[in-house]
Amino acid sequence: MNRDAQFVVVANRLPVDRVVADDGSVDWRTSPGGLVTALEPVMRKQGGAWIGWHGAPDEELDPFDHDGYRIVPIPLSQQEFEEYYEGFSNATLWPLYHDTVAFPEFHREWWDAYVEVNRRFAERTAEVAAEGATVWIQDYQLQLVPQLLREMRPDLKIGFFLHIPFPPIEIFLQLPWREQIIQGLLGADLVGFQVPGAASNFRRLVRKRTRLKLDRDRVLLPDHACNVKAYPISIDTEGFIDMAHDPDVVAESDALLEELGHPKVVLLGVDRLDYTKGLRQRVRAIGELFEEGRLDPADVVFMQVATPSRERVDEYRRLRDDIDQLVGRINSEVGGIGRPPIVYRHASFPRTTMAAMYRIADVMVVTPLADGMNLVAKEYVACHPKTSGALVLSEFAGAAQELRQAYLVNPYDLNGLKESIMRAVTDPRMVRQRRMRALKKQVLANTIDSWADSFLNDLRALTS
Ligand code: ADP
Ligand code: G6P
C-alpha cells in the first residue's frame, strides 16, 4: 500500500468486527467498547486510515473503504490472539492498570507475543503513513508502537492516548517489563491520559525510573521531547441527542416501557461484562433494596444490559457465572408472578436501542471500581430527554471528575451505595432537575470534537 495517509489512527480494534456465522456467511458488526464509540465520529470527520485488528484470528484481509476512510486490517494468529490479546493485554495489563481489582498474571511468552504484535502494527503504520503524517496510537495494547514507529519513521508526528487508568508507580513497578513500556510510550511526541492524576503518575514514573530531564509537562529525550498531559475523552453529544429524539427511537422506548409493564421507576445499568465495572456491588446493593422492601418490585424495575466481553479469560468467565447466579437468586427471592425485579440481558444491542433505554431510565447506575472515563455515564446524560433523570456515578470513574453533579458513590461501600441510589430515586424533582441541568451543560460543552481538536492541535503545534 502507498505511503499516502495524512492521518492514521492505530488501535487494536477496528471500528467493525468481522463475524463469520455457522453457515459460513460473513457479517460486519460495530466493535464493542468505549474506544470505538469515541473514535468512530473522529475518523468520519478527519478521514485517513484506521489500522487495527478485525476481531477474528487466523484471517488476512485486504484494506477497504468504510464511512469515508480506509480500514487497514492487521492479522493475528490464534496463538497471538491468546497470548497478546487475551493474555498480556487483558490478563496482565488490564487488571494491573485497573488498580489490581483482579490479580495480574505475568508470563514471559505473553510478553514476547506483545512485542511481536506491536512490531507488526508499527511496520504496517510505517507503510501506510504519508511523509510527515500525524499518527495517533490508541490504548494499552499498543504501548510499544510509539518508540518502534519513531525508529522506522522519524518524520512522523506521533501521538498516543491511553483510554484506561494509568496506575500509581507502586503498582506499575510490579510489571517485569516496566522499562520497555516506559521507553515505548516515550517514543511519542505527545502522550495523553484521561485525567490529570494519570498524567502525573506517568511523569512521576519517568522521574523515578529514568535519568531524563523534565521541563514541566515535557520529558526531554536526546532526539525529541515527549509531552505528557490529560485530555478527558467524551462522546458525539449532538449525535446522541439527535438519535434519542429520532421518532423510531422514541417509538422503541415506548415499546420497551410497555414491555416492562410501565413501572413507576426504571433503574438502568449498561456495561461491557467486565469485573472493573462494579457489577457485583451494583446488583447486590439493588438486590438488598428490593429484599428490604425499600424498593417495591411492583413499581420498580432494574434493567441491566451487559455486552459479552473477553469471554475466554478466566476472570470474565467467573464474573459471568456470578452475575447469572446473583440475578437468579434475587429474582426468585423477591419476584412475584409478574415481571422479575431485575431484567438482565447479556447481549450487545444497536446504538439506537441503547438510546431508547437511556430515554426511559429514571436512574442510571454506573459503579466501576476503576475506569479511565466511562462513556456510558455521558451517553445517558446526552440521551435522557428530560431534566428529571438522575445519574449515580462511581468516584472511581474518570467521568466523576467532570460530572460533579451526579450522585457520587464509593462502590465498595454497599450501604453508602444503597443510600445514594435511594436518594436518586426519592429526591425532590427540583433537586434532580438542578443536578441534571448541570450535567447536560457539561456534556454539551465537552464533546468528542473538542477532545480530538485539543489533542491534535497540541500534537501538530509541537516542534521537536
Ligand atoms: P468500556 O470502554 O470500558 O467498554 P465505556 O463506558 O467507556 O466502557 O464504553 C462502553 C461503550 O459500549 C458505550 O459506548 C456503550 O454504549 C457501549 N455498550 C455498553 N453495553 C452495551 C450493550 N449491551 N450493547 C451495545 N453497546 C453497549
Ligand atoms: C475498552 C478499552 C478498549 C477496548 C474496549 C473493548 O474500551 O479501552 O481498548 O477496545 O474496552 O474491549 P475489547 O477487548 O473487546 O477490544
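One-based numbering, in listed order, for ligands and for the atoms of each.
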Solution key, residues 160-175 side-chain donor-acceptor pairs under 3.5 Å, sequence neighbours excluded:
| residue | atom | partner | partner atom | Å |
| --- | --- | --- | --- | --- |
| His163 | NE2 | Gln138 | OE1 | 2.7 |
| Glu170 | OE2 | Arg204 | NH2 | 3.3 |

Q.
Looking at Glu123 and Arg120, is there a salt bridge between them, counting it only when a charged N and a carboxylate O are closer than 4.0 Å?
A. no

(Q) I'd like to check Ile448 versus Ile233 (side-chain heavy atoms, cut-off strictly below 4.5 Å). Are they in contact? (A) yes

Q: Could you see which bit of Arg351 sits under 4.0 Å from ligand 1, with heavy atoms only: side chain, backbone, both or neither?
A: neither

Q: Would you mind checking which non-hydrogen protein atom is closest to atom 16 (O) of ligand 1, with the distance to 0.1 Å?
A: Glu379 OE1, 2.6 Å

Q. When you measure from atom 26 (N) of ligand 1 to every protein heavy atom, which one gives the shortest distance, and what is it?
A. Met354 SD, 3.8 Å

Q) Going by the order shown, which atoms of ligand 1 are within less than 4.0 Å of some heavy atom of Thr37? A) 11 (C), 13 (C), 14 (O)

Q: Could you tell me which atoms of ligand 1, counted from 1 in the order shown, lie closer than 4.0 angstrom to a heavy atom of Ala347?
A: 22 (C), 23 (N)

Q: Taking only Lys NZ, Arg NE, NH1 and NH2, and the carboxylate oxygens of Asp or Glu, determine whether Glu311 and Arg320 approach each other closer than 4.0 Å.
A: yes

Q. So, are Arg124 and Glu127 salt-bridged, with charged N and O less than 4.0 Å apart?
A. yes

**Q.** Verify atom 11 (C) of ligand 1: protein non-hydrogen atom under 4.0 angstrom away
**A.** yes

Q) Among protein heavy atoms, which sits nearest to atom 25 (C) of ligand 1, and what does the distance come to when rounded to 0.1 Å? A) Phe349 O, 3.1 Å

Q. Under 3.5 Å, is there a donor-acceptor pair between the Arg282 and Thr367 side chains?
A. yes

Q: Report, in ascending order of atom number, the atoms of ligand 1 lying under 4.0 Å from any heavy atom of Asn374.
A: 6 (O), 7 (O)

Q) Numbering the atoms of ligand 1 from 1, which are under 4.0 Å from a heavy atom of Val376? A) 6 (O), 15 (C)

Q. Under 3.5 Å between some N or O of ligand 1 and some N or O of Trp94?
A. no

(Q) One residue to check: Asp271. Relative to ligand 1, which of side chain, backbone, both or neither has a non-hydrogen atom less than 4.0 Å away? (A) backbone

Q) Name the one of Gln194, His98, Lys277 that satisfies side-chain hydrogen bond (donor to acceptor under 3.5 Å, both in side chains) with Asp371? A) Lys277

Q.
Leu35 versus ligand 1: do any nitrogen or oxygen atoms come within less than 3.5 Å of each other?
A. no

Q.
At less than 4.0 angstrom from any non-hydrogen atom of Tyr358, what atoms of ligand 1 do you find?
A. 16 (O)

Q. Among all residues two or more places apart in sequence or in another chain, which pass the side-chain contact (heavy atoms from CB on, under 4.5 Å) test with Arg29?
A. Val19

Q) Does a side-chain N-to-carboxylate-O contact under 4.0 Å join Lys45 and Glu40? A) no

(Q) Could you identify the single nearest non-hydrogen protein atom to atom 2 (O) of ligand 1 and state the distance to 0.1 Å? (A) Gly34 N, 2.7 Å

Q.
Among all protein heavy atoms in this structure, tell me which lies nearest to atom 21 (C) of ligand 1, with the distance rounded to 0.1 Å.
A. Thr307 OG1, 2.9 Å

Q: Kindly give the heavy-atom pair with the smallest separation between Leu459 and Asp189, and that separation in Å.
A: CD1-CB, 3.9 Å

Q. Is a donor on one side and an acceptor on the other found under 3.5 Å between the side chain of Thr447 and the backbone of Val443?
A. no

Identify every side-chain donor-acceptor pair in residues 239-251 under 3.5 Å, counting partners at least two apart or on other chains, and give the distances.
| residue | atom | partner | partner atom | Å |
| --- | --- | --- | --- | --- |
| His245 | ND1 | Ile241 | O | 2.9 |
| Asp246 | OD1 | Asp248 | N | 2.8 |

Q) Any idea which of Val270, Leu273, Val366, Ile233 brings a heavy atom closest to atom 19 (C) of ligand 1? A) Val270

Q: Taking atom types as modelled, find out whether Tyr358 and Glu379 have a side-chain donor-acceptor pair closer than 3.5 angstrom.
A: yes

Q) Do Arg70 and Phe64 meet the cation-pi criteria used here (NZ or CZ under 6.0 Å from the six-membered ring centre, within 45° of the axis)? A) no

Q) Taking heavy atoms and a distance under 4.0 Å, where does Lys277 meet ligand 1: side chain, backbone, both or neither? A) side chain

(Q) I need the nearest protein heavy-atom contact for atom 4 (O) of ligand 1: residue, atom name and distance, please. (A) Arg272 NE, 2.7 Å

Which N/O atoms of ligand 2 sit under 3.5 Å from a protein N/O, and at what distances?
| residue | atom | partner | partner atom | Å |
| --- | --- | --- | --- | --- |
| ligand 2 | 7 (O) | Gly34 | N | 3.4 |
| ligand 2 | 8 (O) | Asp139 | OD2 | 2.6 |
| ligand 2 | 9 (O) | Asp139 | OD2 | 2.5 |
| ligand 2 | 9 (O) | Gln141 | NE2 | 3.1 |
| ligand 2 | 11 (O) | Arg310 | NH2 | 3.3 |
| ligand 2 | 12 (O) | Arg310 | NH2 | 2.9 |
| ligand 2 | 14 (O) | Tyr85 | OH | 2.5 |
| ligand 2 | 14 (O) | Arg310 | NE | 2.8 |
| ligand 2 | 14 (O) | Arg310 | NH2 | 3.3 |
| ligand 2 | 15 (O) | Arg13 | NE | 3.4 |
| ligand 2 | 15 (O) | Arg13 | NH2 | 2.8 |
| ligand 2 | 15 (O) | Tyr85 | OH | 3.4 |
| ligand 2 | 16 (O) | Arg13 | NE | 2.7 |

Q.
Do the side chains of Asp27 and Arg18 get close enough for a salt bridge, i.e. N-O under 4.0 angstrom?
A. no

Q | Protein residue, atom and distance nearest to atom 5 (P) of ligand 1, heavy-atom basis | A | Leu375 N, 3.5 Å

